[in-house]
Number of protein chains: 2
Amino acid sequence: MSKEPTSQNQDRPFAPALRRLREAGLRPTRQRLALARLLFDGGCDRHVTAEALHEEAIANGVKVSLATVYNTLHQFTDVGLLREVVVESGRAYFDTNVTDHHHFFYEEDGRLEDIPGDRITLGNLPDAPRGNAVSRVDVVIRLKSG
Amino acid sequence: MSKEPTSQNQDRPFAPALRRLREAGLRPTRQRLALARLLFDGGCDRHVTAEALHEEAIANGVKVSLATVYNTLHQFTDVGLLREVVVESGRAYFDTNVTDHHHFFYEEDGRLEDIPGDRITLGNLPDAPRGNAVSRVDVVIRLKSG
DNA sequence: GTGATTGCAAATCTTTTGCACTAAA
DNA sequence: TTTAGTGCAAAAGATTTGCAATCAC
């Protein structure tokens, strides 16, 4: 029974993240796999900064440099696994929810929270100016406590 | 006739900016006055970065440091003369239009353009979560050329 | 005068980059 | 192998801060 773990055994918990990377056309390196598991295997949508994800990785015993975290977050964004959300100058957030939706932004502590896309009705949107196409419409509801 | 310019003569073109600063409770120093004139006396709404405003000031013969431009932009924002618009991480834009409105963002060249607040209908907005108040709702329509 | 404001340079913070090394296919 | 990916340290921006000099009142 309890012999050396086969690669199959080892791979099982990695399978979803592995599949995700392969489908996105990204070579599943140890770092990318580990970050993908942290980001996507929790079952809930996440909003992370590079710094925060790096700390989380280190805390989980994953050896990865901050530079690689930055690179990986951008690669994930490029292939549509993540979406970048801009709410504060000087700090980039990455959102695991890539469907059409919007955000609450808690100014107090810099936290982000999803608002389903169909919870807000955007009516009467102006046309894109000549020669342009709408790439995305972002709605941010900024909150102050009180 | 053409004698030494009186302080009254000299002040005339500065009057609007001067009044604006006084009403905002900011001491009208040479730098603040010069920046206020550049920002508000053009008659049209502007979206500037600190760097761009600094260059503009220098080009106009105004002696002011970049640090002071940053400080001044934030002071103006604090007293409601400007509004900060966040559309790109790592670059802050300041908007002379402080009325309720939204923005087109040209991803190609980083340009911003106002959309009057009443041009967009925001329906069915979710309530602010318990213990919070909406401080502002920002809509950004991101444009790509084509 | 006196306290607010400025300039400058240095510090900070976030993010990107160059390059030798390592690992996936 | 062969090429993509990684770590590290350094570079690059953007913004802020400390402090002496300067200015508005």
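Below, chains carry the letters A, B, ... as their sequence lines are ordered, and counting in each starts from 1. Only a predicted model underlies this, so the values are computations on that prediction, with no experimental measurement involved.
In this structure, A:Leu26 and B:Leu66 both approach DNA chain D, and ranking their closest nucleotides by distance from the 5' end singles out A:Leu26. In terms of position along DNA chain C, the nucleotide closest to A:Ala92 lies nearer the 5' end than the nucleotide closest to the other residue of the pair A:Ala92 and A:Arg30. Each of A:Gly90 and A:Thr72 has a nearest nucleotide on DNA chain D; the 5'-most of these lies closest to A:Thr72.
Regarding A:Asp78, its CG atom lies at a distance of 15 Å from the C1' atom of D:dG5, rounded to whole Å. Between B:Glu84 atom CD and D:dA14 atom P there is a gap of 15 Å when expressed in whole angstrom units. Taking atom CG of B:Leu33 as the reference point, atom C1' of C:dT6 lies 15 Å away to the nearest angstrom. If you take CG of B:Asn71 and P of D:dG18, they are 12 Å apart, rounded to a whole angstrom. In this structure, A:Phe76 places its CZ atom 11 Å from P of D:dG5, rounding to the nearest Å. What separates CG of A:Leu53 from P of C:dT14 is a distance of 15 Å, to the nearest Å. Regarding B:Tyr93, its OH atom lies at a distance of 16 Å from the C1' atom of D:dT15, rounded to whole Å. B:Arg91 has its CZ atom 9 Å from the C1' atom of D:dG13, to the nearest Å.
Proximity note for B:Arg27 (side chain, C-beta onward) versus C:dG3, C:dT15, D:dT16: the nearest is C:dG3. Of the listed nucleotides (C:dT16, D:dT16, D:dT15), D:dT16 has the atom at the smallest distance from the side chain of B:Ala67. When the nucleotides C:dT14, C:dG7, D:dG7 are ranked by their closest atom to the side chain of A:Tyr70, C:dT14 comes out on top. Listed candidates were D:dC23, C:dG7, C:dT17. Nearest to the side chain of B:Ser65 is C:dG7.
Taking 4.0 Å as the cut-off between side-chain N and carboxylate O, A:Arg136 and A:Glu84 do not count as a salt-bridged pair.
A:Arg20 forms a cation-pi arrangement with A:Phe40, by the criterion of a distance under 6.0 Å to the ring centre and an angle within 45° of the ring axis.
An OP1 or OP2 oxygen of C:dT5 is reached within less than 4.0 angstrom by no side-chain nitrogen or oxygen of B:Gln75. For C:dT15, neither phosphate oxygen OP1 nor OP2 lies less than 4.0 angstrom from any side-chain nitrogen or oxygen of A:His74. The phosphate of C:dG7 (OP1 or OP2) has a side-chain N or O of B:Gln31 nearer than 4.0 angstrom. When the side-chain nitrogen and oxygen atoms of A:Thr29 are compared with OP1 and OP2 of D:dA4, none of them lie within a distance under 4.0 Å. Considering only side-chain N and O atoms, A:Arg22 lies under 4.0 angstrom from the phosphate OP1 or OP2 of C:dA25.
For the pairing with B:His47, the side-chain hydrogen bond (donor to acceptor under 3.5 Å, both in side chains) check across B:Asn97, B:Asp114, B:Thr96 returns one residue only, B:Asp114.
When only modelled atom types and interatomic distance are considered, A:His102 and A:Asp138 share no side-chain donor-acceptor pair under 3.5 Å.
At a threshold of 4.0 angstrom between heavy atoms, the contacts of A:His54 with the nucleic acid are absent.
For A:His54 and A:Tyr70, the gap between ring centers reaches or exceeds 6.0 Å. Ring centers of A:His74 and A:Phe94: under 6.0 Å apart, within the cut-off.
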